[in-house]
Amino acid sequence: MSKIALSGAGGIVGSLLRTGLRARGHDLRVAGFEPLVPLSPDEDLVHGDLREPAVVDRLLAGTEVLIHLAGTSVEKPLPEIIDNNLRALVEVYEGARRHGVRRVVFASSNHAFGMYPVEQKLRLDSEFRPDGFYGLSKAWGEAMGRLYWDKHGIEGIALRIGTCMGRPPENLRQLSTWLGTEDMLHLIERCIAAPAVGYTAVWGISNNRRAYYDLSQANAIGYRPVQDAEDWAAQILAQPDTADAVARQFQGGAFASHDYTPAH
Ligand code: 15L
């Protein structure tokens, strides 16, 4: 079985994947910025700053696939985004070249498309419409995956993750953006096992009736989500929607309304 590197294992999605993939028998090396408490004495752990090539080397040596979740995962001032999501990503991809990593699965985000109106259904080839510097960094990350496939032959999958928190959807927006844990584990296993993907993007949401995205093209890697946020719709719709008017208008929700210039 091939060795899989998982970065960002200390985060919410990273923790779910660390335990879920381990339970499914995958051979993992997991990395966090801070030291992680081992789940067993023999767990293969790395920690440190991925802007440092030596840390990247420890993460990637002997691995075949990298699931790259590390980085800033919310809107932050630009210098932090540049350090964690742009500079670190270059180091990670250069490390993938040095170590002959076959495939990088990059955690992109719905926020690279957050300025689309909620009424619009997006396809995989819809243009980026980031809702902030964080979403913009994900557009950069997707383009980097494209570059390293076209120029260096490293396969890439950009996972445009919606809302994946390891719990049921909690508001109207999440009826469209939710990704259930079971679907997420199935999606990642498809990202690991799908043959010859070259470079592709995939929407990382469940089979939500109110999805903002057209999932029909996700079948390229064999992703067949079975969970649906609609199962929680009745209780969510019975509560008042606390989102502000701008957040209600755009797919990125509160990320779109943050620092929004009105009346333009
Ligand atoms: C993301 O990309 C964020 O990392 C996460 O914190 C959530 O905000 C999620 O998107 C979402 O849109 O719900």
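- Counting non-hydrogen atoms of other residues, nucleotides and ligands closer than 6.0 Å to OH of Tyr148 gives a total above 12.
- Put simply, the side chain of Arg173 gets close to the backbone of Gln251: a donor and an acceptor are under 3.5 Å apart.
- If you chain together hydrophobic residues whose side chains sit under 4.5 Å apart, Val74 and Leu179 never meet in one group.
- At least one donor-acceptor pair closer than 3.5 Å links the side chain of Glu75 to the backbone N or O of Phe133.
- Side chain to side chain, Thr177 and Asn110 fail the donor-acceptor criterion of an N or O pair below 3.5 Å.
- In Glu127, the CD atom is not crowded: 12 or fewer heavy atoms of neighbouring residues, nucleotides or ligands sit closer than 6.0 Å.
- Residues Arg102 and Ser2 bring no donor and acceptor atom of their side chains to less than 3.5 Å of each other.
- A distance of 6.0 Å or more separates the ring centres of Tyr116 and Phe250.
- Across every non-hydrogen atom of Ala96 and Leu60, the tightest pair is N-CD1, 3.5 Å.
- For Tyr199 and Trp149, the ring centers sit 6.0 Å or farther from each other.
- A donor-acceptor distance shorter than 3.5 angstrom exists from the side chain of Arg29 to the backbone of Ala61, with no hydrogens or angles considered.
- In this structure the side chain of Ser7 never reaches within 4.5 angstrom of the side chain of Val92, judged on heavy atoms.
- When side chains are defined from C-beta on, Val65 does not count as touching Val101, because their heavy atoms never get closer than 4.5 Å.
- Atom NZ of Lys76 sits in a sparse spot, with 12 or fewer heavy atoms from other residues, nucleotides or ligands closer than 6.0 Å.
- Side-chain atoms of Trp178 come within 3.5 Å of backbone atoms of Arg167 as a donor-acceptor pair (strictly under, hydrogens ignored).
- In this structure a side-chain-to-backbone donor-acceptor pair under 3.5 Å is present from Lys138 to Ala107.
- Separating the CD atom in Glu230 from the OG atom in Ser176 is a distance of 8.5 Å, to the nearest 0.5 Å.
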Do Asn85 and Trp140 pass the side chain to side chain contact (heavy atoms under 4.5 Å, CB included) test, and can you show the C-alpha distance, the side-chain angles, and the key distance before you say yes or no? CA-CA 9 Å; Asn85 293 13; Trp140 156 282; over 6 Å; no

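- Using a 4.5 Å cut-off on side-chain heavy atoms (C-beta onward), Arg190 and His186 make contact.
- Using a 30° and 60° split on the angle between ring planes, Tyr134 and His111 fall in the tilted class, from 30° to 60°.
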Do Phe128 and Leu136 pass the side chain to side chain contact (heavy atoms under 4.5 Å, CB included) test, and can you show the C-alpha distance, the side-chain angles, and the key distance before you say yes or no? CA-CA 8 Å; Phe128 291 114; Leu136 188 59; over 6 Å; no

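- Aromatic ring orientation, Phe106 versus His68: parallel (interplanar angle below 30°, classes split at 30° and 60°).
- Side-chain contact between Leu6 and Arg22: absent, with no pair of heavy atoms (C-beta onward) separated by less than 4.5 Å.
- Side-chain atoms of Asp27 and Asp44, non-hydrogen and from C-beta on, never get closer than 4.5 Å to each other.
- Between Glu189 and Arg224, no side-chain nitrogen of the basic residue sits less than 4.0 Å from a carboxylate oxygen of the acidic one, so the salt-bridge criterion is not met.
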Decide side chain to side chain contact (heavy atoms under 4.5 Å, CB included) for Ile192 and Val105; before the verdict, give the C-alpha distance in whole Å, the side-chain angles of both, and the deciding distance to 0.1 Å. CA-CA 8 Å; Ile192 294 167; Val105 180; 5.7 Å; no

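- Using a 4.5 Å cut-off between side-chain heavy atoms of Ile, Leu, Val, Met, Phe, Trp and Tyr, with links allowed through other members, Leu28 and Ile157 fall into the same hydrophobic cluster.
- Here the closest heavy-atom approach between residue Met115 and residue Pro130 is recorded as CG-O, 3.2 Å.
- Contact record, Asp183 with Asn207: OD2-N, 4.1 Å, taken as the closest heavy-atom pair.
- Of all the heavy atoms in Val197 and Ile221, the pair that sits closest is CG1-CG2, 3.8 Å.
- Leu39 has its side chain within reach of Thr19: a pair of non-hydrogen atoms, C-beta onward, lies under 4.5 Å apart.
- Side chain to side chain, Thr163 and Gln174 fail the donor-acceptor criterion of an N or O pair below 3.5 Å.
- Two residues are said to be in side-chain contact when any heavy atoms from C-beta on lie closer than 4.5 Å; Ile236 and Pro169 meet this criterion.
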If you apply the rule side chain to side chain contact (heavy atoms under 4.5 Å, CB included), what do you find for Met144 with Val90, and how did you get there? CA-CA 8 Å; Met144 189 163 297; Val90 173; 3.6 Å; yes

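- Using a 4.5 Å cut-off on side-chain heavy atoms (C-beta onward), Ile188 and Leu159 make contact.
- With respect to Asp214 and Arg123, a salt bridge is recorded, a charged nitrogen being found less than 4.0 Å from a carboxylate O.
- Of all heavy-atom pairs spanning Ile205 and Leu215, the tightest one is CG1-CD2, 3.9 Å.
- Considering every non-hydrogen atom in both Ala233 and Arg210, the closest pair reads CB-NH2, 4.1 Å.
- Between the side chains of Ser206 and Asn208, no donor N or O sits under 3.5 Å from an acceptor N or O.
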